[in-house]
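Chain letters run A, B, ... following the sequence lines, proteins first, then strands; residues in each count from 1.
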2 protein chains.
Amino acid sequence: MTDAPCPQQNHLLAALPAEARERIAPYLERAHLPLGKVLYESGDTLRHVYFPTDAIVSLLYVMANGGSAEIAVVGKEGLVGVAMFMGGESTTSRAIVQSAGTAYRLLGKRFKDEVNRHSELLHLMLHYTQALITQMAQTAVCNRHHSIDQQLCRWLLLSLDRLAGDHLNMTQELIANMLGVRREGVTDAAGRLQQLGVIAYSRGHIKVLDRPRLEQLSCECYAVVKKETDRLLPYLPPRRPC
Amino acid sequence: MTDAPCPQQNHLLAALPAEARERIAPYLERAHLPLGKVLYESGDTLRHVYFPTDAIVSLLYVMANGGSAEIAVVGKEGLVGVAMFMGGESTTSRAIVQSAGTAYRLLGKRFKDEVNRHSELLHLMLHYTQALITQMAQTAVCNRHHSIDQQLCRWLLLSLDRLAGDHLNMTQELIANMLGVRREGVTDAAGRLQQLGVIAYSRGHIKVLDRPRLEQLSCECYAVVKKETDRLLPYLPPRRPC
DNA sequence: CCCGCTCTGTGCGTTAGCGTACCGACAAGG
DNA sequence: CCTTGTCGGTACGCTAACGCACAGAGCGGG
């Protein structure tokens, strides 16, 4: 949004050893990911892996009856398509764009070959995958024990960390689908946050006014995931020259 | 319980190429895992990885306020300690023995070296890890959407698959801790199952009388995890000569 | 400028699960 | 045999979240 887009805005790409980055660079393809776009469906064989820069992608499980629940969220810190190098080549969840933006993509097969040939690359990916596992585990805990209010805070923070700035573009309906709750539940929770002066909400546009407060109101899940992610991926400052 | 214990009762060990198995064999150490034993605590650096044969280990997250929730369960189909080769060397969850039994263990460092040297071994482990990820994801969904009744069915089936026979030794209190619900909730659900003639319950001893019915009463989560695990790990029949 | 759509707010009644409290039933061990 | 502790069953009020229905609010296109 501010800078010209470049692959190194994705933290994993930025963390690659120069040699690996150069090997991959010619095959990276810039893709615009519009809101709601499905990168892959449950059971699909993955064609590409995606490295978001300013897009956010949700991993969403959709039940037989149409209900849904977000499993994890991926932004500039990660990649979509870990099943490619984990070996399964597909997953039981859907990957859907939650916030429009840009990603760099790479043919799955090519990426897999690279990963298998270069252990440094593989280890970076596995570290990220463990961070993703932590996020999933914490999502399970959060779904069990925490209130919608707390979960909304956690979710806003996770999204905020993956975007530049303090504003988000998401309707309450969309958030409800992600959290797997009723839209009205989100309305209530967001209303409370608004009255506390923590956010300002208006027709799909959220502005975060008081992030520290948001962190206080969130359950421990956000902090656990953040801390573990930082531990596992202690790379580079967020910005880098392109 | 029936056969003399041997490492190949663990499916991953059994699936190893003979050459890899022989390399590892001298370092495998048989360990009895008593109920409630903590194999590692949140944040601990893993000393060993464990390959259960007839033991079951729960990956449990314990919250700041003492509440808990099971993230996944590991039995003879898998191993405890994926963080060892994922790179983190620790996780945010606790590994606790849910059903006493035997496991074979191996020094974490040695295992890590083996995995890094032999890509066939690594790929087997990554496949298992993806299956574990699927289980975690489904746990998150289940916690969000399904009733205690359904979750109890799912949980019994997961445990049953990891044991020989049709009986389990677990108190309702223990099950409640795993599911992250009240003990009374489990009492109610188990009472209903008992009245339907699906199980017989008595002081920590459960006998499953009608497994097909149990599968009907369970939510889709059980089937999803089982199908995906079978897809990812299509190895060997459960029994093998030792 | 107004129509129509999307998004948000609100108000029900209903229910699953929680917290608490307590009691009986069974098993093991002195 | 009786005590003691663990385990399972039950009851009661409470709350968060649900399903449903509908009303106002803002924005964009004709």
> Partners of B:E41 by salt bridge (Lys or Arg N to Asp or Glu O under 4.0 Å), sequence neighbours excluded?
B:R94
> Show your working on salt bridge (charged side-chain N to carboxylate O under 4.0 Å, His left out) between B:R211 and B:D161 and close with a plain yes or no.
CA-CA 11 Å; B:R211 177 169 172 141; B:D161 286 349; 2.9 Å; yes
> Looking at every strand, decide which applies to A:G204 at a 4.0 Å heavy-atom threshold: base, sugar-phosphate, or nothing.
sugar-phosphate
> Would you jot down, in residue-number order, the residues of residues 168-183 of chain A having a non-hydrogen atom under 4.0 Å from DNA chain D?
A:V181, A:R182
> Rounded off to whole Å, could you give me the CD1-to-C1' distance for the B:I148 and D:dA17 pair?
14 Å
> Roughly how many Å is it from CG in B:D188 to P in C:dA16, rounded to a whole number?
11 Å
> Ignoring hydrogens and geometry beyond distance, is a side-chain donor-acceptor pair present between A:R231 and B:S90 at under 3.5 Å?
yes
> Show every side chain to side chain donor-acceptor pair (under 3.5 Å) that has at least one partner inside residues 184-196 of chain A, sequence neighbours left out.
A:D149-A:R192, A:Q172-A:T187, A:R183-A:T187
> Check this for me: does the side-chain of A:E184 come within 3.5 Å of the base of C:dC12 through a donor and an acceptor?
no
> Return yes if a side-chain donor-acceptor contact under 3.5 Å exists between A:Y50 and A:N10, otherwise no.
no
> Nearest whole angstrom, please: distance from the P of D:dG8 to the CZ of B:R192.
16 Å
> Under 3.5 Å, is there a donor-acceptor pair linking the side chains of B:E228 and A:T92?
no
> Specify the residues of residues 140-147 of chain B, ordered by number, for which at least one heavy atom lies under 4.0 angstrom from an atom of DNA chain D.
none
> For every nucleotide of nucleotides 23-30 of chain C, 5' to 3': is a protein heavy atom under 4.0 Å from its base (B), only from its sugar-phosphate (S), or from neither (-)?
--BBS---
> How close or far is atom P of D:dG9 from atom CD of B:Q194, stated in whole angstroms?
6 Å
> Would you please name every residue forming a salt bridge (Lys or Arg N to Asp or Glu O under 4.0 Å) with B:E29, sequence neighbours left out?
B:R105
> In this structure, how many angstroms lie between the P atom of D:dG8 and the CD1 atom of B:I199, rounded?
11 Å
> Counting only N and O atoms by type, is there a donor-acceptor contact under 3.5 Å from the side chain of A:S58 to the main-chain atoms of A:L60?
no
> List the steps and the verdict of side-chain contact (heavy atoms from CB on, under 4.5 Å) for A:L214 and A:L193.
CA-CA 8 Å; A:L214 202 54; A:L193 284 182; 4.1 Å; yes
> Nearest whole angstrom, please: distance from the C1' of D:dG9 to the CG of B:L193.
15 Å
> Using a 3.5 Å distance criterion without hydrogens, assess whether the side chain of B:T53 forms a donor-acceptor pair with backbone atoms of B:T102.
yes
> Can you tell me the distance, in whole Å, between the NE2 atom of A:H205 and the C1' atom of D:dA25?
18 Å
> Pick out which of A:V74, A:I56, A:V57 makes a side-chain contact (heavy atoms from CB on, under 4.5 Å) with A:Q98.
A:I56
